[in-house]
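Report on one structure; see the data block that follows.
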Amino acid sequence: MNILVIGSGGREHALCWAIAKSPECGTLYCAPGNGGIAEVAECVALSAHDFDAIVNFVREKDIGFVVIGPEDPLVKGLVDRLDAEGIASFGPTAKAALLEGSKGFTKDLCAEYGIPTAAYGRFSDADAAKAFIAAHGVPIVVKADGLAAGKGVIIAMTMQEAETAIDAIFGGRFGEAGAEVVVEEFLEGEEASFFALCDGTHVRPLVAAQDHKRVFDNDEGPNTGGMGAYSPAPVLTPDLTAQVMKEIIEPTVRAMRDKGTPYKGVLYAGLMITKSGPQLIEYNARFGDPETQVLMMRLASDVLPVLRACHDGTLDKAEIDWKDEVALTVVMAAAGYPGDYRKNTEIKGLKQAGALENVQIFHAGTKAEAGRIYATGGRVLNVTATGATTAQAQARAYEAIAKIDWREGFCRRDIGYRAIERETQGA
Ligand code: AMP
Ligand code: GLY
């Protein structure tokens with residue numbers, strides 16, 4: 001069967017890499033793809049927003065299944081359109097993707113179904129939001145309701161910061177995404193990324209991962225899309241995993257079905273593991289980036305039948321097995337990221353680095369030109385390695401990075417430190 005993957009990041013490279021290994025995969029296409037994806041799939045210059053062009057391409061190339069990576073086309077209804085055309089795909093419909101597309105929608109659903117999450121208020125005017133903040137005090141968290149490319153969350157440590165955030169959001173900083181604001185209680189604890197697959201009725205947990213969101217070592221500096229990740233996440237013990245499924249994931253899937261908008265695809269729960277148990281920070285309607293890179297390294301089963309089972313409603317029968325090893329990925333980003341950075345700088349040494357045993361390099365923002373690779377984005381490479389322990393996987397990933405010659409790039413040097421601390425304590 002011919003497959004089309006939509007997206008251009010490290011997540012999509014990892015998905016393409018895993019799908020290409022499937023005996024069921026015919027020709028694999030990726031739109032628009034990147035310089036690394038081009039090694040495992042045929043990249044096509046299609047925009048994720050041009051639904052007509054996608055449908056035409058699917059017909060022309062006899063594509064049997066479409067896998068959608070990023071949230072934007074999901075929230076805008078690409079799956080609805082493909083459903084209407086009789087084209088099978090992986091991902092939720094627009095109404096189901098509201099779990100990511102509207103933070104207010106998700107908070108209300110949590111309130112209605114008793115799902116543990118931070119106390120909150122929803123506001124469409126600044127005065128009411130400020131009154132709520134004054135009543136609750138700081139620290140407090142201010143969020144634009146809609147999609148804001150991961151930038152719509154402000155953790156306010158002072159009243160001044162909270163009020164400035166309210167004014168900025170209602171002043172249009174995030175466009176339409178900021179027409180409404182959610183203000184919520186600040187949760188303390190350790191974060192983890194939890195993934196579950198859903199077919200509308202059945203739900204199966206995948207493994208958990210942890211991400212490093214801050215740009216600099218020791219989790220300092222501004223938030224980013226993620227500077228590195230590893231799986232498993234030792235903070236999520238088997239007991240906690242069972243609790244997350246029972247108290248958070250399963251009630252959500254039931255709620256979506258009750259509302260007549262069953263959820264299909266991957267449900268990615270951002271969790272805070274607090275003293276009083278796991279709480280939902282937010283949902284994403286897609287795979288995490290860079291978490292998918294470590295998930296795909298650990299997946300022992302063929303990914304394609306699993307993704308298709310989410311569409312077909314047969315997830316209860318799908319085979320989902322994992323390798324008993326740690327995978328860790330380090331993001332190499334362009335100097336300056338998450339602020340301004342230079343583009344089109346050349347990266348060398350990728351072949352030598354990728355040739356190391358247990359190493360895979362996924363490209364997040366590159367292009368290939370005349371046999372050379374150039375950086376085109378903020379997050380550029382995901383240098384990923386496996387090992388028996390987090391410490392081993394980490395050492396191998398940094399060994400690979402040492403072989404990469406890219407002066408304009410940088411990475412964190414401490415990816416996985418929490419898991420390594422736990423390993424050391426447990427030893
Ligand atoms: P989000 O885009 O909702 O994932 O938020 C981005 C980051 O902000 C999260 O990964 C957390 O680190 C932080 N965050 C969001 N909501 C809260 C909260 N209620 N309490 C503490 N930290 C939060
Ligand atoms: N790693 C964070 C995200 O995918 O949103």
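In each ligand, atom 1 is the first atom listed, and ligand 1 is the first ligand listed. Just so it is clear, the values below take in all heavy atoms, side chains as well, and ignore hydrogens, waters and symmetry mates.
A donor atom on one side chain and an acceptor atom on the other are not found under 3.5 Å apart for Q293 and T384. Side-chain atoms of Y263 and T252 form no donor-acceptor pair, as typed in the model, at a separation below 3.5 Å. S22 and D302 form a side-chain donor-acceptor contact under 3.5 Å, judged by distance and modelled atom types alone. No hydrogens or angles considered: a donor-acceptor pair under 3.5 Å links the side chains of E190 and Q210.
Residue, atom and distance of the protein heavy atom nearest to atom 11 (C) of ligand 1 are E191 OE2, 3.2 Å. Looking only at heavy atoms of the protein, atom 14 (N) of ligand 1 is closest to I155 CD1, 3.7 Å. Summary of contacts: the protein heavy atom closest to atom 21 (C) of ligand 1 is L187 O, 3.3 Å. Shortest contact from atom 5 (O) of ligand 2 to any protein heavy atom: R286 NH2, 2.9 Å. The nearest protein atom to atom 5 (O) of ligand 1, hydrogens excluded, is given as V153 CG2, 3.4 Å; this is a heavy-atom distance. Scanning the protein for heavy atoms near atom 7 (C) of ligand 1, the closest one is N223 ND2, 4.3 Å. Nearest protein heavy-atom contact of atom 3 (C) of ligand 2 is Y268 OH, 3.4 Å.
Ion pairing between a basic and an acidic side chain is recognised when a charged N comes within 4.0 Å of a carboxylate O; K143 and E282 show no such pairing. A salt bridge is defined here as a Lys NZ or Arg NE, NH1 or NH2 lying under 4.0 Å from an Asp or Glu carboxylate O, and D145 with K107 fails to meet this definition. D167 has a carboxylate O that lies under 4.0 Å from a charged side-chain N of K130, or vice versa, which qualifies the two as a salt bridge.
Not counting sequence neighbours, the partners of F362 by the ring pair (Phe, Tyr, Trp, His ring centres under 6.0 Å) test are H13, W17. For the salt bridge (charged side-chain N to carboxylate O under 4.0 Å, His left out) test, no residue two or more places apart in sequence or in another chain qualifies with D217.
Close approach of ligand 2 to G288 (heavy-atom distance below 4.0 Å) involves ligand atoms 4 (O). Listed by atom number, the atoms of ligand 2 under 4.0 Å from D211 heavy atoms are 1 (N), 2 (C). Atom numbering of ligand 1 starts at 1 in the shown order; those under 4.0 Å from a heavy atom of F186 are 20 (N), 21 (C). In the vicinity of V141, heavy-atom distances shorter than 4.0 Å reach the ligand 1 atoms 16 (N), 17 (C), 18 (C), 19 (N), 20 (N). Close contacts between ligand 1 and K213 involve ligand atoms 10 (O) [criterion: under 4.0 Å to a heavy atom]. Each of the following atoms of ligand 2 lies closer than 4.0 Å to a heavy atom of G225: 1 (N), 2 (C).
Only the side chain of K143 comes within 4.0 Å of ligand 1, counting heavy atoms alone; its backbone N, CA, C and O stay farther away. Contacts of H212 with ligand 2, taken as heavy-atom pairs under 4.0 Å, are absent altogether.
At least one N or O atom of E291 sits closer than 3.5 Å to an N or O atom of ligand 2.
Shown here is D321, whose CG atom has more than 12 heavy atoms of other residues, nucleotides or ligands within 6.0 Å. Within a 6.0 Å radius of NZ in K323, other residues, nucleotides and ligands contribute more than 12 heavy atoms.
Comparing E184, E282, M272 against atom 19 (N) of ligand 1, the shortest heavy-atom distance belongs to E184.
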